[in-house]
Amino acid sequence: MSEPDKFPSSKRLLSALSMLGVVGCASLQQPADAPWPDPTPTAWTATVAGAQTSDLSAWWSRFGDPALPLLVEQALQFNTSVTVAQARLRQARAQRLLAEANLGPNVTGSGSAQASRVEGRDSGEQYRATLDAGWELDLWGAGAAGVRAAEAGTRASTLTLAQTRVAVAAEVALTLLQLRGTQAREAIARRNLASQQQTLQITQWRQEAGLVTQLDVEQARTAVEQVRAQLPLLAGSSAQSMNALAVLTGRAPGTLHAELAPPAGAAVALPAAPPDLVLAIPAEVLRQRPDVLAAEQQWLAATERVEQADAARLPSLQLGGSIGLNALSLGALGSGAGVASLLASVSVPVFDAGRLQAQVRQQEAARDEAAAGYRATVLAALQEVEDALVALNATREQLSAQLAATTSARAAATLADLRYRSGLVDFQNVLQTQRTLLLADDSLAGTTTTLATDHVRLYKALGGGWTQIPEEETTR
């Protein structure tokens with residue numbers, strides 16, 4: 001019997017792809033002039049510079065944030081979705097054991113004691129012990145097909161647990177990186193607020209000296225308050241991200257604020273994308289994504305259920321027997337009279353108004369549904385990787401342009417401030433350049449965060465973040 005955690009090899013997966021019509025179309029019985037197209041490309045359409053092949057089982061350690069691996073580890077252990085998937089896996093393993101047990105004989109034991117009394121006196125006692133056995137022979141392989149279906153279902157549940165872990169790890173990483181990006185934007189806003197307040201103070205001094213009008217002072221005060229108004233929104237967004245991380249790790253909202261809040265006055269580092277990019281070829285992605293492998297196992301289970309339903313239409317043979325002992329006293333039961341019987345019976349479906357045939361057709365339809373679901377999972381996996389690569393390329397180009405824009409905005413703001421203090425430009429130039437710099441800094445922080453989250457989405461699409469799950473971990 002195969003172990004539930006031994007997943008199909010690449011050869012078996014490609015064979016299943018062929019049977020399902022993902023590479024070929026024979027089993028899905030498509031017309032010869034309209035075969036399934038082969039959706040598995042030899043390479044990705046979108047190419048990314050610097051890509052290499054490497055292990056992605058712990059990709060969250062590549063982002064340089066020491067809190068991320070700790071949070072992912074906690075989420076993989078305590079997240080409620082993970083614990084639900086573990087419970088479902090234990091159910092599937094119990095179902096497999098039940099299917100195996102149904103192939104063996106069933107033996108029951110019974111005992112009885114009888115005492116009679118007639119006209120005030122005892123007339124006698126009688127004791128009996130009996131063993132009854134029954135066994136339905138698996139003549140046509142229905143029981144074996146049921147076991148194979150249960151084993152495939154167990155493997156599918158194991159892979160579903162792995163996919164849940166992949167999704168949870170990615171969600172933790174996305175939330176933490178977005179939190180770091182928001183915290184960096186909040187730090188940028190506070191720096192700009194300090195700069196705007198300094199400009200307001202200078203403008204007030206110049207107004208007192210008669211060099212500018214009250215209009216310049218009010219414009220400077222407006223700029224200060226506009227920046228100040230952004231701080232509560234950013235702080236609220238950070239708090240919501242911390243609450244989300246607490247729930248993802250199985251804790252109550254609000255319990256991570258002290259742990260994840262940056263120290264007062266400390267610089268907040270922007271989320272760092274890995275310096276290199278790990279990328280696998282399309283066929284390798286399909287072999288390592290747990291949702292694709294789980295869909296394959298679901299199809300295999302559905303195929304076995306068709307065979308099981310088909311065998312139910314054939315004759316069945318049951319063997320039964322019993323061994324009993326009778327005695328007049330409990331002590332004499334061991335040497336009492338023995339009674340044995342053996343029974344063999346055959347049952348043949350004669351007329352059921354089409355019930356058994358309908359069950360076969362039902363399972364065939366379920367098998368076809370699983371085949372279509374498998375194909376849909378494969379196509380969705382390929383699309384997720386392509387979309388992630390496209391987004392990653394676009395964000396890289398955007399970040400390059402954003403860096404240049406921020407550098408120019410900072411230089412323009414510095415020049416405008418110096419010229420204003422020298423009385424060479426009016427206050428409108430200062431306000432405009434400061435607003436532009438604030439927007440540029442904020443956009444740069446947002447784009448840097450997006451680049452890091454694009455890496456997370458790509459690694460999730462590639463199927464990174466899981467390993468085979470030992471049985472003892474999910475049977476406790």
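If you're wondering where the values come from, they're calculated on a predicted model, not measured in any experiment.
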Step by step, would you call R96 with E151 a salt bridge (Lys or Arg N to Asp or Glu O under 4.0 Å)?
-> CA-CA 6 Å; R96 182 199 66 197; E151 289 176 343; 5.7 Å; no

Does any part of the side chain of [Y], heavy atoms only, come nearer than 4.5 Å to the side chain of [X], both counted from C-beta?
{"X": "E307", "Y": "D310", "result": "no"}
{"X": "D132", "Y": "V107", "result": "no"}
{"X": "W60", "Y": "L71", "result": "no"}
{"X": "E384", "Y": "R289", "result": "yes"}
{"X": "L177", "Y": "F63", "result": "yes"}
{"X": "F78", "Y": "T83", "result": "no"}
{"X": "R287", "Y": "E284", "result": "yes"}
{"X": "L159", "Y": "V292", "result": "no"}

Determine, step by step, whether T108 and N106 satisfy the side-chain contact (heavy atoms from CB on, under 4.5 Å) criterion, reporting the C-alpha distance in whole Å, the side-chain angles of both residues, the deciding distance to 0.1 Å, and the verdict.
-> CA-CA 7 Å; T108 59; N106 183 37; 4.3 Å; yes

Which atom of [X] lies closest to which atom of [Y], heavy atoms considered:
{"X": "Q402", "Y": "A440", "answer": "NE2-O, 3.6 Å"}
{"X": "L270", "Y": "A184", "answer": "CD2-CB, 3.2 Å"}
{"X": "V72", "Y": "A169", "answer": "CG1-CB, 3.9 Å"}
{"X": "A67", "Y": "L176", "answer": "C-CD2, 4.2 Å"}
{"X": "T175", "Y": "A244", "answer": "CG2-CB, 4.0 Å"}
{"X": "P315", "Y": "V346", "answer": "CB-CG1, 4.5 Å"}

R251 and Q74 side chains, donor-acceptor separation under 3.5 Å =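 The answer is yes; a qualifying pair exists.
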
Are a donor atom and an acceptor atom from the side chains of T377 and D291 found within less than 3.5 Å of each other?
->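 No, no side-chain donor-acceptor pair sits under 3.5 Å.
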
Donor-acceptor contact present, side-chain [X] to main-chain [Y], <3.5 Å:
{"X": "T249", "Y": "A246", "value": "yes"}
{"X": "N79", "Y": "G250", "value": "no"}
{"X": "S61", "Y": "A58", "value": "yes"}
{"X": "Q288", "Y": "L462", "value": "yes"}
{"X": "S400", "Y": "R396", "value": "no"}
{"X": "W466", "Y": "L161", "value": "no"}
{"X": "Q183", "Y": "L260", "value": "yes"}

Measure the [atom1]-[atom2] distance between [X] and [Y] for me, rounded to the nearest 0.5 Å.
{"X": "W59", "Y": "H455", "atom1": "CH2", "atom2": "NE2", "result": "11.5 Å"}
{"X": "S443", "Y": "L399", "atom1": "OG", "atom2": "CG", "result": "11.5 Å"}
{"X": "L277", "Y": "L458", "atom1": "CG", "atom2": "CG", "result": "5.5 Å"}
{"X": "Q363", "Y": "D368", "atom1": "CD", "atom2": "CG", "result": "11.5 Å"}
{"X": "R165", "Y": "S81", "atom1": "CZ", "atom2": "OG", "result": "12.5 Å"}
{"X": "L389", "Y": "T45", "atom1": "CG", "atom2": "OG1", "result": "9.0 Å"}

Can you tell me which residue pairs pass the salt bridge (Lys or Arg N to Asp or Glu O under 4.0 Å) test with a partner in residues 174-185, sequence neighbours excluded?
-> D65-R180, R185-D442

What pairs with Q318 under side chain to side chain contact (heavy atoms under 4.5 Å, CB included), at least two apart in sequence or on another chain?
->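 Q318 satisfies side chain to side chain contact (heavy atoms under 4.5 Å, CB included) with E136, S316, S345, S347 only.
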
May I have the step-by-step check of side-chain contact (heavy atoms from CB on, under 4.5 Å) for K460 and V166, ending in yes or no?
-> CA-CA 7 Å; K460 177 187 175 185; V166 169; 4.0 Å; yes

Does a salt bridge link R62 with D276, judged by any charged N lying under 4.0 Å from a carboxylate O?
->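 Salt bridge: yes.
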
Verify side-chain contact (heavy atoms from CB on, under 4.5 Å) between E171 and V168, making sure each step is shown before the conclusion.
-> CA-CA 5 Å; E171 190 63 26; V168 167; 5.6 Å; no

Do Q357 and D352 pass the side-chain contact (heavy atoms from CB on, under 4.5 Å) test, and can you show the C-alpha distance, the side-chain angles, and the key distance before you say yes or no?
-> CA-CA 9 Å; Q357 180 62 33; D352 62 2; over 6 Å; no

Can you tell which of R93, Q163, Q297 makes a side chain to side chain contact (heavy atoms under 4.5 Å, CB included) with T158?
->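 Of all the options given, the one that passes is R93.
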
